[in-house]
Amino acid sequence: MSARALFDQCSDRALFERLAQKYRSVLYQYPSSGERRSWENSLPALAEVLCDAGLDDIEVLIEHQLPLTSLRADIVLAGSHPTTGRPSYVIVELKQWSEARLVPGTDNLCLVAGMGNRPALHPVAQVRRYCDYLQDFTNVLSDQVDAVAGFAYLHNAVDQDVSELLRLPDAKAQLFTSTSRSELINYLRTRLSALNGSPEGDSLLASPHAPGRQLMRAAAAEIIDGGEFLLMDEQEVAARLVKRAVSLSRQSDKKEVIVISGGPGSGKSIIALHLMGSLLRNGRSVVHATGSKSFTTTLRYVVGTKNGRIPKLFRYFFDFADAERNGLDVLICDEAHRIRRRSSRQDTYAGHRSGRRQVEELIDAARVPVFLLDEHQVVRPGEMGSVATIDEAAHARGCIVRHVDLDNQFRCGGSRAYEHWVLCLLGLEPGGPIRWQSEENFELRVADSPEEMESYLRIRQESGYTSRMTAGFCWQWSDPQTDGSLVDDVIIGAWHRPWNLRSEQPVGGAPVSSLWATDPSGFEQIGCIYTAQGFEYAWNGVIFGPDLVWRGNGWRAVREASRDHTVKKAAPVAFERLIRNTYKVLLTRGLAGTVLYSTDPETRAMLASVVPTGIEQGL
């Protein structure tokens, strides 16, 4: 809508109700009272400024979703530049803050009155990242050097009460308060002409989005060559908290433990790799550890292509049972939901086994332990990584614990609405299953057969998009035959395909187990939970096996149908939780879309009832 239309409609509460309904349709939840209050207070303040600047006809895009993420810029103003006449865009972050100060020892973390001790990213740093991100991932802007700028408007604040925030200079992003309202008007006139901005707004909305850099391909540049991942919002807050804790670690009497939680695609591993690169370049001793063989092996493989010494920095959780106390500056525990109760291996002599729990060993190993986890990804008995477990162990050791939740807004591709839909579908959150509402940036379909699923995904694979098929662990897993060919263990009617390899030796053209998710030839095998967890690909096919079926009005986990002997040993309640978590992981690997199929007719019918679009409608 135009700035004048926004100004005129701000007095009509119907505008805010329409925004709430749009919010609900996109995010599958109603906006919080704070979000609605922000619209009601901040939008009129901005509309008045725009009209006072004589910019009645520029286009105002409210809650604009940044490409390939679930992040939303409060406002994007679209129009033409007053000097060059070229398209010009201004990102606006609206804050109701009245008082704020910097976190001691940082230059872009804030403590805001009324928000307790939870640090927030400096609004100028936030806007700058939005500007860079929009330009990096929007084709129409990729070659336009000065097309995007932005500002944060603290319309309830005066300069005196946020004076520390005014010290952060930035050529692309600025900060204004009620004190500097006239300067804001002048600034807007330097970025936007008074001409109609709807063509520029339409161009932005219609522009193709360039895909983000794949995590594994960027790892080597990030760690070895000094490349930088662009961290957004809470991602940057998390990284800054870690860097601050590292700076203080040798003077402080209290150890700080940083716990970063988030769902698939929220950027946990991007944060981990950014920290690895940044801390190593600054001479800090840092090691990355996981409980996932596939994930660690893949990282070692990728970074080892340029520097054979780097893979030694990627370890496993059980490597720290005998580690020197505080021997590292930082230990980054990625996939921390896979922490076990004990680190002892079966071949460890009883007298040499640590008496500590694994989480305690990891905390003790570094001055700043960092844990990144998703509690819904616990898929094996004995895995006990949770925020509560880490908190309890850290507090028992007298540590300060700081939390960052990445789930509030950010997702690196994929769909936050889809992730919520999956949690409801599987009963991991209440209120489901719910009917899927079509979304522009994510496709969800149900296949009538595995042949239909494979054909649909193969087209995407051959078009240059990574595609994979996964299944519940409901079929035997045979060793390769003597001639090197794989056994087609996954058999559904006349359709049959092999599992991915179990070994780290390539056989018959199939990639080794740990590289199944990243090697193009992995499409020809069916992946399981242990090779898919920790990875993402553009297109995702998931086969529900007979271990989880829909009966009547609920799910039933069938122990007899599972071929995962370790999971089958779990108690009934734990077994059902592990099976649901397994499918949650499998279902949330896709960034562009997911295709579902169940071997069970009643389950397939239930899925079709909540997913209105079939395969034939997407070809």
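Keep in mind the model is a prediction, meaning the values are calculated, not measured. All residue numbers refer to positions in the sequence shown, counting from 1.
The line from CG of Leu43 to CG of Leu19 is 6.5 Å long, rounded to the nearest 0.5 Å. Remark: His288 NE2 to Leu331 CG distance equals 9.5 Å, nearest 0.5 Å. To the nearest 0.5 Å, atoms CG (Asp364) and CG (Leu328) are separated by 12.0 Å. The structure places CD of Gln251 at 7.0 Å from CG of Leu248, a figure rounded to the nearest 0.5 Å. With rounding to the nearest 0.5 angstrom, the CD1 atom of Ile75 is 11.0 Å from the CD atom of Glu59. How far CG of Leu46 is from CG of Leu6: 7.0 Å, rounded to the nearest 0.5 Å.
Within the 4.5 Å cutoff, no side-chain heavy atoms of Glu419 are placed close to those of His376. Side-chain contact between Ile271 and Val370 is absent, with no heavy-atom pair separated by less than 4.5 Å. In this structure, Val401 and Ile390 have side chains that are not in contact, with every pair of non-hydrogen atoms separated by 4.5 Å or more. Side-chain contact between Val404 and Ser261 is absent, with no heavy-atom pair separated by less than 4.5 Å. Using a 4.5 Å cut-off on side-chain heavy atoms (C-beta onward), Lys255 and Ile400 make no contact. Contact check for His403 versus Asp391: side-chain heavy atoms found under the 4.5 Å cut-off. In this structure the side chain of Val286 never reaches within 4.5 angstrom of the side chain of Asp329, judged on heavy atoms. Residues Glu335 and Leu373 fail the side-chain proximity criterion, which asks for heavy atoms closer than 4.5 Å.
With sequence neighbours excluded, the residues satisfying side chain to side chain contact (heavy atoms under 4.5 Å, CB included) with Thr84 are His81, Arg86. Under the side-chain hydrogen bond (donor to acceptor under 3.5 Å, both in side chains) criterion, Lys95 pairs with Glu93, Gln126, not counting sequence neighbours. Applying the side chain to side chain contact (heavy atoms under 4.5 Å, CB included) rule to Ser203 yields the partners Tyr89, Val140; only residues at least two apart in sequence or on another chain are considered. In terms of the side chain to side chain contact (heavy atoms under 4.5 Å, CB included) criterion, residue partners of Ala173 (sequence neighbours excluded) are, by chain and number, Val124, Val127, Arg128, Asp170. Annotation: side-chain hydrogen bond (donor to acceptor under 3.5 Å, both in side chains) contacts of Ser249 (sequence neighbours excluded): none. Contacts of Asp8 classified as side-chain hydrogen bond (donor to acceptor under 3.5 Å, both in side chains), with partners at least two apart in sequence or in another chain: none. Under the rule for a ring pair (Phe, Tyr, Trp, His ring centres under 6.0 Å), His122 has no partner lying at least two apart in sequence or in another chain. Applying the side chain to side chain contact (heavy atoms under 4.5 Å, CB included) rule to Glu40 yields the partners Arg13, Phe16, Arg36; only residues at least two apart in sequence or on another chain are considered.
Minimum heavy-atom separation, Leu192 to Ala78: CD2-C, 4.2 Å. Residues Glu236 and Leu231 share a closest heavy-atom pair of OE1-CB, 3.5 Å. Scanning all heavy atoms of the two residues, the minimum distance from Ile363 to Pro369 falls at O-CG, 3.4 Å. Of all non-hydrogen atoms in Trp97 and Pro123, the two that sit nearest each other are CZ3-CD, 3.6 Å. Nearest heavy atoms, Val330 versus Ala366: C-CB, 3.8 Å.
Donor-acceptor pairing under 3.5 Å is lacking for the side chains of Lys243 and Asn282. Side chain to side chain, Glu63 and Trp39 meet the donor-acceptor criterion of an N or O pair below 3.5 Å. Side-chain contact of Asp57 with Ser2: a donor-acceptor pair under 3.5 Å is absent, judged by distance alone. Looking only at atom types and distance, the side chain of Glu183 has no donor-acceptor partner in the side chain of Asn186 under 3.5 Å away.
For residues 152-163, no pair satisfies salt bridge (Lys or Arg N to Asp or Glu O under 4.0 Å), with sequence neighbours left out. Sorted by first and then second residue, the pairs that involve residues 101-110 and meet side chain to side chain donor-acceptor pair (under 3.5 Å), not counting sequence neighbours, are Asn108-Arg240. Among pairs with a residue in residues 148-158, those fulfilling side chain to side chain donor-acceptor pair (under 3.5 Å) read Ser42-His155, at least two apart in sequence or across chains. Within the structure, the side chain to side chain donor-acceptor pair (under 3.5 Å) test picks out the following pairs touching residues 189-200 (sequence neighbours left out): Ser80-Ser193, Asp146-Arg191, Asn196-Ser198.
The cationic group of Arg4 lies under 6.0 Å from the six-membered ring centre of Phe7 and within 45° of the ring axis, placing it in a cation-pi geometry.
With Trp436 contributing its side chain and Trp421 its backbone, the two residues share no donor-acceptor pair below 3.5 Å. Not a single donor-acceptor pair under 3.5 Å links the side chain of Ser386 to the backbone N or O of Glu375. The backbone N or O of Ile260 lies less than 3.5 Å from no partner atom in the side chain of Lys268, so there is not a single donor-acceptor pair. Judged by distance alone, the side chain of Gln235 and the main-chain N or O of Met232 form a donor-acceptor pair under 3.5 Å.
At most 12 non-hydrogen atoms from other residues, nucleotides or ligands lie less than 6.0 angstrom from CG of Asn117.
With respect to Arg244 and Glu256, a salt bridge is recorded, a charged nitrogen being found less than 4.0 Å from a carboxylate O.
Classified by interplanar angle (parallel below 30°, tilted 30° to 60°, perpendicular above 60°), the ring pair Phe176/Tyr187 is tilted.
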